[in-house]
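So the structure is just underneath, and the comments pick up after that.
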Amino acid sequence: MAIRKKLTILGSGSAGLTAAIYAARANLEPLVVQGLQAGGQLTITTDVENFPGFPEGIQGPELMEQLHKQAERFGTQFIYDNAESVDLSRRPFVVRTSAEEILTDTLLICTGASAKLLGLESESKLMGHGVSACATCDGFFFKDKVVFVVGGGDTALEEAMFLTRFATSVTVVHRRDQFRASAIMVERAKKNEKVKFILDTVVEDIENVEKGEVTGIKLRNLKTKEVTLHAADGVFVAIGHKPNTELFRDQIELTENGYIVTNGVKTSVHGVFAAGDVQDELYRQAITAAGTGCAAALEAQWLLESEEGGQSEAGKSEATVKQVAMRQSG
Ligand SMILES: Cc1cc2nc3c(=O)[nH]c(=O)nc-3n(C[C@H](O)[C@H](O)[C@H](O)COP(=O)(O)OP(=O)(O)OC[C@H]3O[C@@H](n4cnc5c(N)ncnc54)[C@H](O)[C@@H]3O)c2cc1C
């Protein structure tokens, strides 16, 4: 028999779990379809030092466990599975996992975006131990260190420039001799004394898995086939992100890069909201994901209330504006 829900959340990263906390505390008894990466991207990193509230920092998996417990405490239900298909053509929306069919009045899409990785075993083993996919998140850990950035797009060069604030040297490794990045970014990076370039080159391996830290990077020149080993303290993989939106293609409006188009957190389908990295190509931080998760839960709650109480959404927004104005006037 199908599970019947007022509010269902797809994804259990910062966005999904924050949405769950808000929805559960509004007595909406939310269901979270966690996906196969329960806890989301932060579960593959170590120290998180920029999530407010943790002056000493917190380990990524521990932070996500705390958010999970907080959501559970207020009555969130969890399913550990992927959503395999959705039907957003009418309400209630239909979500299918391998074992369940869920009918839901509102749907919050928080399926995130995965950093594209090189696919090396050493890369996954050293992720959070010198290998990173996020300079904004981890740059600070590389003060006076030697780092490499892999990639040739705008993001790679932006990350390289950002890392020069901390590292003594930043080497950009790119598999072609031309950059995909804009000419102005390339020019800016070339002018920076700390940035070096190794072109026509791919990463063969990252050392040292046995030691549990990055000590070097093995590179292969695609033209000469020469393999060289370079001392390194950190490797930043900046070859792009892939939003997890395949499931929604042709049912909801997506950007040309596959991110969900949102107005606030509203999507092109009435009753479907999106939060976190799945709709955010720019900031991609745990706290911005949590913020939009909160907003998505509130929007869904207000929509459900307006439908239950016969109050139009416009009426609800108007009432909310009035409440805020009253609070501000004292
Ligand atoms: C190595 C690394 C280090 C980072 N460090 C920091 C940091 O220090 N500070 C910081 O602020 N940010 C950091 N980030 C970025 C941060 O992790 C993301 O911005 C944040 O996790 C986004 O949260 P989200 O909820 O939008 O998505 P995600 O965390 O990506 O979660 C997506 C969720 O969706 C689920 N899912 C996917 N497909 C489906 C499906 N079909 N059905 C159901 N569920 C599905 C997944 O299982 C997962 O639970 C880091 C990222 C990486 C990769």
Side-chain angles (χ1 to χ4, degrees), residues 8-21 31-54 57-65 67-68 71 78-86 95-98 100 102 107-117 123-124 126-141 159 234-249 259-260 262 265 273-297:
T8 300
I9 298 165
L10 303 184
S12 55
S14 320
L17 291 180
T18 305
I21 292 166
L31 173 66
V32 175
V33 180
Q34 299 189 81
L36 300 185
Q37 190 181 42
Q41 290 173 67
L42 279 189
T43 58
I44 62 162
T45 192
T46 50
D47 298 286
V48 177
E49 290 193 336
N50 53 11
F51 199 90
F54 301 95
I58 184 166
Q59 297 289 297
E62 193 190 335
L63 173 61
M64 299 320 295
E65 203 184 311
L67 288 185
H68 182 106
F78 291 91
I79 290 181
Y80 178 64
D81 204 349
N82 261 342
E84 290 182 347
S85 70
V86 295
V95 176
R96 290 189 190 86
T97 68
S98 63
E100 308 284 358
I102 303 150
L107 184 68
L108 274 52
I109 302 175
C110 306
T111 48
S114 312
K116 289 184 194 163
L117 298 175
E123 171 192 45
S124 63
L126 293 169
M127 184 62 73
H129 300 274
V131 175
S132 173
C134 176
T136 310
C137 315
D138 296 332
F140 191 78
F141 301 122
E159 300 223 329
V235 176
F236 285 81
V237 182
I239 54 176
H241 282 79
K242 189 181 173 301
N244 300 317
T245 52
E246 272 313 306
L247 211 56
F248 317 108
R249 194 163 285 283
Y259 287 80
I260 295 179
T262 46
V265 289
F273 304 90
D277 286 12
V278 75
Q279 50 87 59
D280 173 13
E281 211 170 338
L282 188 59
Y283 302 113
R284 290 195 298 244
Q285 292 296 293
I287 191 66
T288 47
T292 48
C294 157

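Whatever order the structure lists them in is the order used to number ligands and atoms, beginning at 1. Each residue takes its place number in the sequence, starting with 1.
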Please determine whether any non-hydrogen atom of S132 lies less than 4.0 Å from an atom of ligand 1. no
Min over L36, T45, T111, V32 of heavy-atom distance to atom 34 (O) of ligand 1 lands on T111
Nearest non-hydrogen protein atom to atom 18 (C) of ligand 1, with distance, is D277 OD2, 3.3 Å
Of G60, A15, C110, the residue with the heavy atom nearest atom 25 (O) of ligand 1 is A15
Atoms of ligand 1 under 4.0 Å from any heavy atom of N50, numbered from 1 in the order shown, are 7 (C), 8 (O), 9 (N), 10 (C), 11 (O)
Atom 44 (N) of ligand 1: closest protein heavy atom, distance to 0.1 Å, is G35 CA, 3.2 Å
re atom 41 (N) of ligand 1, the protein heavy-atom contact at minimum distance is A83 O, 3.2 Å
Under 4.0 Å from one or more heavy atoms of L42, ligand 1 contributes atoms 5 (N), 6 (C), 13 (C), 14 (N), 17 (O)
for atom 49 (O) of ligand 1, nearest protein heavy atom and its distance come out as Q37 O, 2.8 Å
Q | Donor-acceptor pair between Q34 and D81 side chains, under 3.5 angstrom | A | no
May I ask whether S12 has any heavy atom positioned less than 4.0 angstrom from an atom of ligand 1?
yes
**Prompt:** Does T111 reach the main-chain N or O of N244 with its side chain, forming a donor-acceptor pair under 3.5 Å?
**Reply:** yes
If you compare M64, M127, Q34 by their heavy atoms, the one closest to atom 1 (C) of ligand 1 turns out to be M127
protein heavy-atom neighbour closest to atom 40 (C) of ligand 1 works out as N82 OD1, 3.3 Å
**Asked** Taking Y80 for the side chain and L36 for the main chain, is one N or O donor matched with an acceptor at less than 3.5 Å?
**Response** yes
| query | Checking T8 side chain against L31 main chain: does a donor-acceptor pair fall under 3.5 Å? | reply | no
Would T136 and Y283 count as a side chain to side chain contact (heavy atoms under 4.5 Å, CB included) if you check the C-alpha gap in whole Å, the side-chain angles of each, and the deciding distance to 0.1 Å?
CA-CA 9 Å; T136 310; Y283 302 113; over 6 Å; no
- request: Please confirm whether the backbone N or O of E100 pairs with a side-chain atom of T97, one donor and one acceptor, at under 3.5 Å?
  value: yes
The closest protein heavy-atom partner of atom 13 (C) of ligand 1 is C137 SG, 3.0 Å
Within 4.0 Å of some non-hydrogen atom of L247, the atoms of ligand 1 are 41 (N)
Distance col, row L247:CG vs N82:CG, nearest 0.5 angstrom, shows 8.0 Å
Atom 11 (O) of ligand 1 has as its nearest protein heavy atom A286 N, 2.8 Å
Give yes if a backbone or side-chain nitrogen or oxygen of N244 is under 3.5 Å from a nitrogen or oxygen of ligand 1, and no if not. no
Pair Q285-C134, side chain to side chain contact (heavy atoms under 4.5 Å, CB included): steps then yes or no: CA-CA 9 Å; Q285 292 296 293; C134 176; 3.8 Å; yes
Q.
Has D280 got a side-chain atom pairing as donor or acceptor with L282's backbone, closer than 3.5 angstrom?
A. yes
side-chain hydrogen bond (donor to acceptor under 3.5 Å, both in side chains) test vs D277 passes for just one of Q41, H241, R284, namely Q41
Atom 52 (C) of ligand 1 sits nearest the protein heavy atom Q41 OE1, 4.1 Å
Determine whether I44 and Q37 satisfy the following criterion, side chain to side chain contact (heavy atoms under 4.5 Å, CB included), listing intermediate values before the conclusion. CA-CA 9 Å; I44 62 162; Q37 190 181 42; 3.6 Å; yes
### Task
Let me see the working for S14 and L42 under side chain to side chain contact (heavy atoms under 4.5 Å, CB included), right down to the final yes or no.
CA-CA 8 Å; S14 320; L42 279 189; 4.3 Å; yes
The atoms of ligand 1 lying under 4.0 Å from a heavy atom of G11, numbered in the order shown, are 33 (C), 34 (O), 35 (C), 44 (N)
Here the atoms of ligand 1 under 4.0 Å from any heavy atom belonging to G276 are 26 (O)
